[in-house]
Asks: 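Take this structure first; my questions come after.
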2 protein chains.
Amino acid sequence: MRYLEDMEVGQRRDLGSFTFTADLIKAFAAQFDPQPFHLDEEEGRKSLFGGLSASGWHIASIWMKLAVADGQREAADAAARGEKPAMWGPSPGFRDLRWIKPVLAGDTISYASEVQSLRASRSRPEWGVLQMRNTGTNQRGELVFSFLASVFVQRRHPQD
Amino acid sequence: MRYLEDMEVGQRRDLGSFTFTADLIKAFAAQFDPQPFHLDEEEGRKSLFGGLSASGWHIASIWMKLAVADGQREAADAAARGEKPAMWGPSPGFRDLRWIKPVLAGDTISYASEVQSLRASRSRPEWGVLQMRNTGTNQRGELVFSFLASVFVQRRHPQD
């Protein structure tokens, strides 16, 4: 994890990609979102999605999975440089969660995170508040998923 | 699923409750959110959550599971009355997704949905737009989870 001072508005980080196979779509849906168009190809084709489509919460949960892996890579890189990785605090919440297009069986979604705004926390001088736009884009370059996250991020120089 | 005309602002529907056991918390986290405080009791105790805590996406996914089951119950009730259940369209998105307090192993969360606003769709006269505040409350009556959903809902009388 980076410190507030290591980031700037517009900075983008690729989080990796994930292929939503029919089996994975159905396994998530069976556990958490058992709607017919997430469970069965034929029902998916008859639905307005036009095919077996992943649950929106599956798409969001895979974002989380890739974001955690990315944070672990960043922490390992920092450790390799002999640095202490910054702490990131809890998120006060997410805004504007949108599933813009369906994710169908076989689609590969590439996730990315872009810094939208940065500021010092007024109440807690050792922390900053970071707003990040998180996105998922399919193999045709179409935006399919987006949300805005606010996160508390440690500052390297709280006295600034 | 109900028609737009069958709902009014302030109407609340209980969606059911769910107990987040340690095993279920760890199983979700291992698949989608492998952060130490979601995977291990001791790491949870050391974290600012103060115990093994459920992933926010797990909390949201269980809301989805209960909402789907509730919709199926409503459809069955409508069929039993000899009615055709209303169609609900896709959601244009969710707003203000907030995890207000941690959900720790053993907590039982009761989910509910309350109608916040209703209006006819200007562009599609056969549909209305419903805003619902969805919440999760723990066994001590504390609000732990909340988001605002917009959904397209079929109108019974599109000519009105």
Side-chain angles (χ1 to χ4, degrees), chain A residues 1 18 24 27-39 47-50 53-72 75 87-103 127 134 143-152, chain B residues 1 18 24 27-39 47-50 53-72 75 87-103 127 134 143-152:
Chain A
M1 304 297 206
F18 184 88
L24 291 170
F28 186 95
Q31 280 187 82
F32 300 112
D33 193 352
Q35 300 187 78
F37 39 76
H38 298 323
L39 286 169
S47 77
L48 54 85
F49 300 123
S53 71
S55 165
W57 300 108
H58 192 187
I59 300 165
S61 294
I62 295 297
W63 168 81
M64 187 76 232
K65 181 192 181 78
L66 296 176
V68 170
D70 184 64
Q72 289 169 345
M87 284 193 355
W88 284 35
S91 170
F94 292 168
R95 288 194 2 227
D96 300 329
L97 188 64
R98 292 192 300 143
W99 294 284
I100 297 141
K101 278 178 179 282
V103 171
W127 292 90
N134 290 286
L143 186 68
V144 298
F145 173 65
S146 170
F147 71 94
L148 197 59
S150 299
V151 195
F152 283 103
Chain B
M1 303 298 205
F18 184 88
L24 291 170
F28 186 96
Q31 279 187 84
F32 300 113
D33 193 352
Q35 300 187 76
F37 38 78
H38 298 321
L39 287 168
S47 78
L48 54 86
F49 300 124
S53 71
S55 166
W57 301 106
H58 192 186
I59 299 164
S61 295
I62 295 296
W63 169 81
M64 187 75 232
K65 180 191 181 80
L66 296 177
V68 170
D70 185 64
Q72 289 168 345
M87 284 195 352
W88 284 35
S91 171
F94 292 166
R95 289 194 0 227
D96 299 327
L97 188 64
R98 291 191 301 143
W99 294 283
I100 297 140
K101 277 178 178 282
V103 171
W127 292 90
N134 290 285
L143 187 69
V144 299
F145 173 65
S146 170
F147 71 93
L148 198 59
S150 299
V151 195
F152 283 104

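None of the values given here were measured: they were computed from a predicted structure. Throughout, a chain's letter reflects where its sequence line sits, starting with A, and its residues are numbered from 1.
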Asks: Say you draw a straight line from CE of A:Met64 to CD of B:Gln31; how long is it, rounded to the nearest 0.5 Å?
Replies: 14.5 Å
Asks: Should A:Arg95 and B:Leu97 be marked as a side-chain contact (heavy atoms from CB on, under 4.5 Å) after you check the CA-CA gap, both sets of side-chain angles, and the distance that decides it?
Replies: CA-CA 6 Å; A:Arg95 288 194 2 227; B:Leu97 188 64; over 6 Å; no
Asks: Is the A:Trp57 ring parallel, tilted or perpendicular to the B:Trp57 ring (thresholds 30°, 60°)?
Replies: tilted
